[in-house]
Engineer: 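Sharing a structure here in structure tokens format.
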Amino acid sequence: TGVDPTATFATDTPYNNQAITDQDFFIIRVTAQDATTILYYKIVVTVLPTYSLAAAGPSGGWIFYINANYATDGWRYLEAGALSTQTTAYWSNTSHSIGTSSDIGTGQANTTAIVTYLNSIPETGMAAQVCNDLSVTNGAFTYNDWFLPALSEVGQMYANIKVVGGFTTDPNTFYWSSTENGPSNVLLVNFNNGTQPTASKSFGPLRFRCARAF
């Protein structure tokens, strides 16, 4: 900043819908109202990779949902954790209506609400808390933005990555969601047939797979 990057900056050809590639950059000149103070800012473009359904995700897990409304929602992909992150736990040992949703895109809000309540009881080691505390390092990056997925999100895991994601599909194999069905119960997904039964929050321990949005 503060130095004219080219002697001909003022007369250089302006950007006009040229294709942008990774690490292209723009120089922006900002002139103050006094017309004498001029600053230059270099903005480097980083082109994010794109993913397809059932592709390996950045954390080493699997892409199970692609959001068509990503420009509005702020996230484009849902990634399930790798098989190595799968574990079992209880949902809770209490009966209390936290108020969670079943919709795609609500797993993070569900998890935040669940963890806030469980920490206040307190309870520890429950499924939502395990996801909230999960840290996965893959290559040079560490991912700490995990949540217990909502019912419809777990349903998308079943529909799109049941096999490639290494989910257990034996009869009566249930996975927790973060979606309540009343004060005492939670909705599950049976990965043998895709049904979505109800179980007590204290049932289990049951399997679950954490997810992240990006």
Side-chain angles (χ1 to χ4, degrees), residues 59 61-62 64-65 67 69 72-75 77-83 85-136 143-162 165-214:
S59 80
W62 302 96
F64 67 91
Y65 183 78
N67 181 15
N69 298 316
T72 300
D73 295 340
W75 58 272
Y77 302 104
L78 291 179
E79 179 184 14
L83 177 60
T85 68
Q86 180 171 289
T87 186
T88 62
Y90 293 98
W91 205 96
S92 176
N93 289 314
T94 64
S95 296
H96 173 80
S97 183
I98 297 170
T100 57
S101 173
S102 63
D103 297 337
I104 292 174
T106 62
Q108 180 63 76
N110 287 353
T111 299
T112 299
I114 295 166
V115 169
T116 298
Y117 173 71
L118 294 179
N119 289 348
S120 72
I121 300 177
E123 281 187 346
T124 60
M126 302 299 166
Q129 293 169 317
V130 172
C131 288
N132 188 67
D133 295 338
L134 181 62
S135 179
V136 175
Y143 302 89
N144 298 307
D145 52 348
W146 300 93
F147 54 84
L148 184 64
L151 179 67
S152 293
E153 294 168 339
V154 183
Q156 289 295 305
M157 291 182 185
Y158 171 81
N160 296 316
I161 61 167
K162 176 178 65 173
F167 288 83
T168 304
T169 59
D170 295 335
N172 299 318
T173 297
F174 302 102
Y175 282 77
W176 286 126
S177 80
S178 59
T179 303
E180 297 169 292
N181 189 18
S184 303
N185 298 317
V186 178
L187 287 161
L188 316 173
V189 175
N190 185 334
F191 269 65
N192 180 54
N193 55 24
T195 57
Q196 299 178 348
T198 296
S200 168
K201 290 180 177 180
S202 60
F203 185 67
L206 294 181
R207 293 181 177 90
F208 60 98
R209 190 77 67 91
C210 305
R212 59 183 294 269
F214 67 99

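Only heavy atoms go into these numbers, but all of them, side chains included; no hydrogens, no water, no symmetry mates. Keep in mind it's a predicted model, so treat the numbers as computed, not measured.
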Engineer: Which atom pair, heavy atoms only, marks the closest approach of Ala150 to Ser101?
Structural biologist: CB-O, 3.7 Å

Engineer: Within the side chain of Lys162, is there an N or O that forms a donor-acceptor pair under 3.5 Å with the backbone of Gly194?
Structural biologist: no

Engineer: Is there a donor-acceptor contact under 3.5 Å linking the side chains of Ser135 and Asn144?
Structural biologist: yes

Engineer: Pick out which of Glu180, Glu123, Met126 makes a side chain to side chain contact (heavy atoms under 4.5 Å, CB included) with Trp91.
Structural biologist: Glu180

Engineer: Using side-chain heavy atoms (C-beta onward) and a distance below 4.5 Å, is Asn67 in contact with Trp75?
Structural biologist: yes

Engineer: OG of Ser177 to CG of Leu187: how many Å apart, nearest 0.5 Å?
Structural biologist: 5.5 Å

Engineer: Give the minimum heavy-atom separation between Ala89 and Ala127, together with the two atoms involved.
Structural biologist: CB-N, 3.9 Å

Engineer: Is the shortest side-chain heavy-atom distance between Gln156 and Ile161 below 4.5 Å?
Structural biologist: no

Engineer: Would you mind reporting whether Leu78 and Phe147 have side-chain heavy atoms less than 4.5 Å apart?
Structural biologist: yes

Engineer: Take Met157 and Trp62 through the side-chain contact (heavy atoms from CB on, under 4.5 Å) test and state the conclusion after the steps.
Structural biologist: CA-CA 9 Å; Met157 291 182 185; Trp62 302 96; over 6 Å; no

Engineer: State, without any angle test, whether Thr168 and Asp170 hold a side-chain donor-acceptor pair at a distance under 3.5 Å.
Structural biologist: no

Engineer: Can you tell me if Ser184 uses its side chain to pair, donor with acceptor, with the backbone of Ser200 under 3.5 Å?
Structural biologist: no

Engineer: Any sub-3.5 Å donor-acceptor pair from Ser102's side-chain atoms to Thr179's backbone N or O?
Structural biologist: no

Engineer: Counting distance only, does the side-chain N/O of Asn192 pair as donor-acceptor with the main-chain N or O of Thr173 below 3.5 Å?
Structural biologist: no

Engineer: Counting only N and O atoms by type, is there a donor-acceptor contact under 3.5 Å from the side chain of Thr111 to the main-chain atoms of Leu148?
Structural biologist: yes

Engineer: What verdict does the side-chain contact (heavy atoms from CB on, under 4.5 Å) test give for Arg209 and Val154, after you've listed the backbone C-alpha separation in whole Å, the side-chain angles of each residue and the deciding distance to 0.1 Å?
Structural biologist: CA-CA 8 Å; Arg209 190 77 67 91; Val154 183; over 6 Å; no

Engineer: Ala128 and Val115: which non-hydrogen atoms are nearest, and at how many Å?
Structural biologist: O-CG2, 3.7 Å

Engineer: Drop me the distance from Asp145's CG to Leu134's CG, to the nearest 0.5 angstrom.
Structural biologist: 9.5 Å

Engineer: Quick check for you: to the nearest 0.5 Å, what is the distance between Thr94 atom OG1 and Leu118 atom CG?
Structural biologist: 6.5 Å

Engineer: Looking only at heavy atoms, which two atoms of Cys210 and Pro149 are closest? And how far apart?
Structural biologist: CA-CD, 4.3 Å

Engineer: Checking Arg212 side chain against Ser59 main chain: does a donor-acceptor pair fall under 3.5 Å?
Structural biologist: no

Engineer: How long is the gap from CD1 on Ile104 to CG on Leu151, to the nearest 0.5 Å?
Structural biologist: 10.0 Å

Engineer: So Tyr175 and Phe191, ring-ring contact (aromatic ring centres under 6.0 Å, His included) or not? Walk me through it.
Structural biologist: CA-CA 7 Å; Tyr175 282 77; Phe191 269 65; 4.5 Å; yes

Engineer: What orientation do Tyr77 and Phe214 show, parallel under 30°, tilted 30 to 60°, or perpendicular over 60°?
Structural biologist: tilted

Engineer: How far does OH of Tyr117 sit from NE2 of His96, to the nearest 0.5 angstrom?
Structural biologist: 4.5 Å

Engineer: Just by distance, with hydrogens left out, do Thr198 and Asn181 show a side-chain donor and acceptor under 3.5 Å apart?
Structural biologist: yes

Engineer: Please report the shortest heavy-atom distance between Gly166 and Leu83, naming the atom on each side.
Structural biologist: O-CD1, 3.3 Å

Engineer: Any chance you could measure Asn190, atom CG, to Thr169, atom OG1, to the nearest 0.5 Å?
Structural biologist: 9.5 Å

Engineer: Taking side chain as C-beta onward, heavy atoms only, is Thr85 less than 4.5 Å from Trp146?
Structural biologist: no

Engineer: I need the minimum non-hydrogen distance between Leu188 and Ala199, along with the two atoms involved.
Structural biologist: CD1-CB, 3.5 Å

